[in-house]
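The structure displayed is predicted, hence computed values, not measured ones.
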Amino acid sequence: MASSEIKKVLQASEERYKRLFDIIEQRHFIFSRAADGSFTYISPSVTRLLGYSQENFMNHLLEYLTENPQNREGMAKMHLGLQGQRQPPFEIEIFHKDGSRQWLEVTAVPVRDTKEQVIAVEGIAQIITERKMAEEEVSTRVKELEDFYDIAIGRELRVIQLKEENTELREALTQHKQT
């Protein structure tokens, strides 16, 4: 293959990569953390998605985490990833720069050097706030329906019990009249 053809193939490949990256960054940001836990890269989309500058987010992530207990689990999974243990995706809740709470689904994988030592964790974080809100709404509705069902069933059982008591009283009254 001629040098000019190789350049065209490489340029086309690079353009595809940039388009794919642009699509991904509509609802995601990409990150890399060194083995010591410090961020070495945050994609520019973090500014559009969460309002923070790349530099500020890299240096102060823990300040942006909410008090949600699920964040402890997420940070523990990130720590295990830094130790080389691949973790399933996890969710964390974080403050947007405007003060609103945002949910992220984080997928990260350990990166190893040629000696199989973990040198970083690289990953992608997706904004899932709308999905979490929908899940909470569904959960609330299911609970309301379950409560309604329990009330309805409880009333039905009480009606059945009252009918049985009524029948027993009639039978007792009939027997009493016969004696």
Side-chain angles (χ1 to χ4, degrees), residues 3 5-143:
S3 175
E5 289 178 36
I6 292 172
K7 285 181 184 179
K8 286 181 185 179
V9 169
L10 287 174
Q11 184 177 5
S13 177
E14 185 175 320
E15 288 171 6
R16 270 192 313 275
Y17 173 76
K18 284 180 183 178
R19 284 191 304 272
L20 178 61
F21 199 75
D22 287 343
I23 291 167
I24 289 172
E25 286 198 323
Q26 294 301 310
R27 296 185 59 90
H28 302 79
F29 63 88
I30 296 166
F31 65 89
S32 181
R33 294 181 81 177
D36 67 2
S38 64
F39 281 100
T40 56
Y41 177 78
I42 296 282
S43 64
S45 58
V46 75
T47 302
R48 185 175 39 74
L49 295 171
L50 294 173
Y52 302 109
S53 70
Q54 290 169 272
E55 181 181 343
N56 208 21
F57 194 79
M58 285 173 60
N59 294 329
H60 303 289
L61 168 69
L62 296 179
E63 292 178 22
Y64 306 136
L65 292 175
T66 69
E67 69 285 352
N68 191 312
Q70 196 165 344
N71 288 339
R72 278 185 245 125
E73 180 183 329
M75 290 298 97
K77 287 184 178 184
M78 183 64 78
H79 182 70
L80 290 171
L82 288 167
Q83 293 177 354
Q85 298 176 32
R86 190 176 184 121
Q87 298 296 304
F90 57 90
E91 297 173 356
I92 60 172
E93 187 182 51
I94 194 164
F95 287 111
H96 186 283
K97 188 173 183 178
D98 68 10
S100 65
R101 292 169 180 254
Q102 299 293 313
W103 280 97
L104 302 176
E105 181 179 76
V106 180
T107 304
V109 295
V111 178
R112 299 174 187 279
D113 63 13
T114 56
K115 297 177 184 174
E116 291 299 311
Q117 298 298 312
V118 176
I119 56 171
V121 169
E122 292 179 345
I124 187 166
Q126 176 183 6
I127 304 292
I128 60 164
T129 305
E130 290 175 12
R131 182 182 87 198
K132 289 291 281 189
M133 290 172 59
E135 288 172 357
E136 287 177 21
E137 180 67 23
V138 167
S139 179
T140 299
R141 296 291 179 218
V142 166
K143 175 72 172 118

N-O pairing of Glu93 and Lys132 below 4.0 Å: no

Scan Ile30, Leu104, Val109 and name whichever one has a side-chain contact (heavy atoms from CB on, under 4.5 Å) with Ile124. Ile30

Is there a side-chain contact between [X] and [Y] in this structure, where contact means two heavy atoms from C-beta onward sitting under 4.5 Å apart?
X      : Y      : value
Phe29  : Leu50  : yes
Ile92  : Asn68  : no
Trp103 : Gln70  : yes
Phe31  : Val106 : yes
Pro44  : Gln54  : yes
Met75  : Leu62  : yes
Tyr41  : Glu122 : no
Arg101 : Phe95  : yes

Counting only heavy atoms not in Glu130, do more than 12 sit closer than 6.0 Å to its CD atom? no

In terms of heavy-atom contacts, does CD of Glu55 have more than 12 from other residues, nucleotides or ligands at under 6.0 Å? no

Give, for atom [atom1] of [X] and atom [atom2] of [Y], the distance between the pair rounded to the nearest 0.5 Å.
X     : Y     : atom1 : atom2 : answer
Arg16 : Gln11 : CZ    : CD    : 11.5 Å
Leu80 : Arg86 : CG    : CZ    : 14.0 Å
Ile94 : Glu63 : CD1   : CD    : 11.0 Å
Arg33 : His79 : CZ    : NE2   : 10.5 Å
Ser53 : Ile42 : OG    : CD1   : 10.5 Å

To check you understand the geometry: which heavy-atom pair defines the closest contact between [X] and [Y], and what is its length?
X      : Y     : answer
Asn71  : Thr66 : ND2-O, 2.9 Å
Val121 : Met78 : CG1-SD, 3.9 Å
Gln87  : Lys77 : CG-O, 3.3 Å

Would you please classify the geometry between the Phe57 ring and the Phe39 ring as parallel, tilted or perpendicular, with 30° and 60° separating the classes? tilted

Judged by atom type as modelled, is there a donor-acceptor pair below 3.5 Å linking the side chain of [X] to the main-chain atoms of [Y]?
X      : Y      : answer
Thr47  : Tyr52  : yes
Thr140 : Glu136 : yes
Thr107 : Pro89  : no
Ser32  : Thr40  : no

Under 3.5 Å, is there a donor-acceptor pair between the Ser100 and Gln102 side chains? yes

